[in-house]
Amino acid sequence: MNLKGAVSSAAQTMAMVCFAVIFVTTPFMRSMDSVYFIADLYLVASGLTFFASLSSTRRAGIDYLITMFFFVFLAIPARVQINLGLLPWNAQIATTYLALAYGLMAVSQFCYTIGMSWAQRNWKRPLQDRQPLNVADTVFFSRWALGMAVFALMLAAVVGPGTLFQSRTGAEYGGFTQQFLLISRALSLLSIVILICMARFAPTRRLRQKHILAAVLFLPFFLVINYIPSLPRFSLFGMMIALACPFIDYSRPLVKVPMTAVSLFLLLAVFPVVKEITKEGASLADLIALIGAVPLRSVMLNVDFDGYMWIASTIEYLMDGAGAIRWGNNFLGVVLFFVPRALWHSKPLDTGSTVATGLGYWYHNVSSPLPAESLIAFGLLGPIVVLLITGYVVSHIELASHVPGPKSGRMPVLFLYAVAMGFILIIMRGALNAVAPQFATGFMAYGMMVYARRRRITWRLSKSQARQAVARHYQMKDSA
């Protein structure tokens, strides 16, 4: 193990000890002094985990964003809110639930890290990663990207410009309109990611040039579908990370450290200004003046940083008897997101709305972080199992996608890796049933493409075309 690996391992070990102390002691805490102590301890533990991710070469972009979420969007805002005695939405939550929320976050990160370590110890590189990317596979991926782009544009046309160009704060749409818009965004992201990857890794210069042209031509339509002022900062940030994936190695500490500074500046200073762009009468000078002018206290009490409050509220919702465990109904709603409510009358509502309604909050379009979703789905076993699986899957994707060179077997995993980075923050923040059409569509379309490639059931070259394409590829290679 090199020095960087040793430092990362030591930091993660210290964090795991802190997490263990937190989730063992929080059930017995009843005073605010004990909450202050546990808030500081969790802040240290989450910070150490984030540092371990930054300094490790075996932990890449998805893990980076997950550990950033726990540290930047849960640990830091929670400590500021506890210190001020104020919570988003002016919530009043008992000390016991505030302490138990830290226990839930600690056990979630503990199990997530165990899942990652388990995947890394058992990782074996697939043999197909050694096969170079060929012309036939390039054409196959390109046709899928084109098909998804066309379908995304069709859905965007159905949604209409009145909805596409509506700012986030003024959005009042729902039902099929919202579903079509989120599906269109997911397909457009996967499509342009594939085009960029092919522009970067296609086996011939001519193919690379064609994909560069295709990506450039599709980019204006992509920006229309993903109208920036209408996107939450989590979606906007994830989209930027995903589009840069083919060019940036997120497993390198020298990349992750400066990216952290840029990310914090964008998330805390620039993105809040984006919301002001569509406000009537807003000038460029006013927008520039707003950058960095919002006090940190106001930012930390913003609804974008309400994750800790809703974790505590979910615990209150269950322990006070305002509602019951959903026994996986919320996750079933994610899997079957495409079934219309008109056909499935008992289709699950999102957890944030359910908890907010049960506790009497006036606003129901709220978050529900993955630890809270897991708890309300399966009880105490939920966070353990769900975050353990999450850590294992994330590590497996990252290891599989970081095979040196443009390998044929690597490409589909690289697409998955990029799209997962694009969606992971909205998955972590939730509520899952509210954002399922967006991230679940991306993963479903990806799964269909991979299945079609393995079975060779759609958009395939004939045998003669495949032989000709391969022959042209090697002729070009020999002449080069």
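Expressed to the nearest 0.5 Å, how far CD1 of Ile376 lies from OG of Ser368 amounts to 7.0 Å. Atom CD of residue Gln109 and atom CD1 of residue Ile66 lie 10.0 Å apart, to the nearest 0.5 angstrom. Atom-to-atom distance recorded for Leu41:CG and Ile22:CD1 is 4.0 Å, nearest 0.5 angstrom. In this structure, CG in Leu388 is found 6.0 Å from SG in Cys111, a value given to the nearest 0.5 Å. Here the straight-line distance linking atom CG of Leu370 with atom OH of Tyr112 works out to 11.0 Å at 0.5 Å rounding. To the nearest 0.5 angstrom, Phe415 atom CZ is 11.0 Å from Ile196 atom CD1.
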Would you check, one step at a time, whether the test side chain to side chain contact (heavy atoms under 4.5 Å, CB included) holds for Val35 with Thr95? CA-CA 7 Å; Val35 173; Thr95 304; 3.5 Å; yes
Decide ring-ring contact (aromatic ring centres under 6.0 Å, His included) for Phe305 and Phe73; before the verdict, give the C-alpha distance in whole Å, the side-chain angles of both, and the deciding distance to 0.1 Å. CA-CA 6 Å; Phe305 295 89; Phe73 291 97; 5.2 Å; yes
Decide yes or no on side-chain hydrogen bond (donor to acceptor under 3.5 Å, both in side chains) for Arg326 and Thr351, but give the supporting numbers first. CA-CA 9 Å; Arg326 307 183 75 177; Thr351 298; 2.9 Å; yes
Side chain to side chain contact (heavy atoms under 4.5 Å, CB included) between Phe338 and Gln179, worked out: CA-CA 9 Å; Phe338 51 86; Gln179 295 257 351; over 6 Å; no
From CA spacing to verdict: side chain to side chain contact (heavy atoms under 4.5 Å, CB included), Arg185, Met239: CA-CA 10 Å; Arg185 287 175 178 172; Met239 183 181 72; over 6 Å; no
The test is side chain to side chain contact (heavy atoms under 4.5 Å, CB included); show your working for Thr67 and Phe51 and say whether it passes. CA-CA 9 Å; Thr67 55; Phe51 173 78; over 6 Å; no
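With hydrogens and angles ignored, the 3.5 Å screen pairs a side-chain donor or acceptor of Thr390 with a backbone N or O of Val386. The backbone N or O of Leu432 sits less than 3.5 Å from a side-chain atom of Glu373, completing a donor-acceptor pair. At least one donor-acceptor pair closer than 3.5 Å links the side chain of Ser34 to the backbone N or O of Ser31. Formation of a donor-acceptor pair under 3.5 Å by the Lys347 side chain with backbone atoms of Gly333 is not found in this model. In this structure a side-chain-to-backbone donor-acceptor pair under 3.5 Å is missing from Ser53 to Thr49. Checked by atom type and distance alone, the side chain of Lys256 never pairs as donor or acceptor with a backbone atom of Gly61 at under 3.5 Å. Ser8 contributes a side-chain N or O that, together with a main-chain N or O of Ala52, makes up a donor-acceptor pair within less than 3.5 Å. In terms of modelled atom types and a separation under 3.5 Å, the side chain of Ser184 and the main chain of Ala152 share a donor-acceptor contact. No side-chain donor-acceptor contact under 3.5 Å links Ser191 to the backbone of Leu187.
Counting only heavy atoms from C-beta outward, the side chains of Thr441 and Leu182 never approach each other to under 4.5 Å. At a threshold of 4.5 Å between non-hydrogen side-chain atoms, the residues Gln81 and Leu84 do not count as touching. With contacts defined as side-chain heavy-atom distances shorter than 4.5 Å, the pair Val355/Glu316 does not qualify. Looking only at side-chain heavy atoms (C-beta outward), Arg429 and Pro369 stay at 4.5 Å or farther from each other. A heavy-atom distance below 4.5 Å is not found between the side chains of Phe337 and Asn433. Residues Tyr361 and Val366 have side chains not in contact (no heavy-atom distance under 4.5 Å, counting atoms from C-beta outward). Residues Ile384 and Leu380 form no side-chain contact, since every pair of their non-hydrogen atoms from C-beta on lies 4.5 Å or further apart. Counting only heavy atoms from C-beta outward, the side chains of Leu98 and Met29 never approach each other to under 4.5 Å.
Scanning for salt bridge (Lys or Arg N to Asp or Glu O under 4.0 Å) contacts around Asp350 gives an empty result, with sequence neighbours left out. Partners of Ala75 under the side-chain contact (heavy atoms from CB on, under 4.5 Å) rule, at least two apart in sequence or in another chain, are Tyr42, Leu43, Ser46, Phe71.
Aromatic rings of Tyr64 and Phe50 (six-membered ring for Trp) have centroids within the 6.0 Å cut-off, being under it. If you look at Tyr102 and Phe23, their ring centroids are not closer than 6.0 Å. In this structure, the ring of Trp310 has its center no less than 6.0 angstrom from the ring center of Tyr317.
Pairing each heavy atom of Ala242 with each of Leu189, the nearest pair is CB-CD1, 4.3 Å. Taking all atoms of both residues into account, the shortest heavy-atom contact from Glu398 to Asp63 is OE2-N, 2.7 Å. For Val257 against Leu54, the heavy-atom pair with the smallest separation is N-CD2, 4.4 Å. Closest approach of Leu359 to Ser313, counting heavy atoms only: CD1-O, 3.5 Å. Counting all heavy atoms, side chain and backbone alike, Ile225 lies closest to Ala156 at CG1-CB, 3.9 Å. Considering every non-hydrogen atom in both Val159 and Leu181, the closest pair reads CG2-N, 3.7 Å.
Side-chain atoms of Asn226 and Ser188 form a donor-acceptor pair, as typed in the model, at a separation below 3.5 Å. Side-chain contact check for Asp249 and Ser251: at least one donor-acceptor pair (N or O, by modelled atom type) lies under 3.5 Å. Side-chain N/O atoms of Arg58 and Ser395 include no donor and acceptor closer than 3.5 Å. Judged purely by distance below 3.5 Å, without hydrogens or angles, the side chains of Asp320 and Tyr97 pair a donor atom with an acceptor atom. No side-chain N or O of Tyr392 forms a donor-acceptor pair with one of Asn122 less than 3.5 Å apart.
Sparse packing is recorded around CZ of Phe151, with 12 or fewer heavy atoms of other residues, nucleotides or ligands lying under 6.0 Å away. No more than 12 heavy atoms of other residues, nucleotides or ligands lie within 6.0 Å of CZ in Arg252, so this atom counts as exposed by the packing criterion. More than 12 heavy-atom neighbours from other residues, nucleotides or ligands sit within 6.0 angstrom of CE on Met32. Under a cut-off of 6.0 angstrom, the local environment of CZ in Phe221 is sparse, with at most 12 non-hydrogen atoms contributed by other residues, nucleotides or ligands. Within a 6.0 Å sphere centred on CD1 of Ile325, heavy atoms belonging to other residues, nucleotides or ligands number more than 12.
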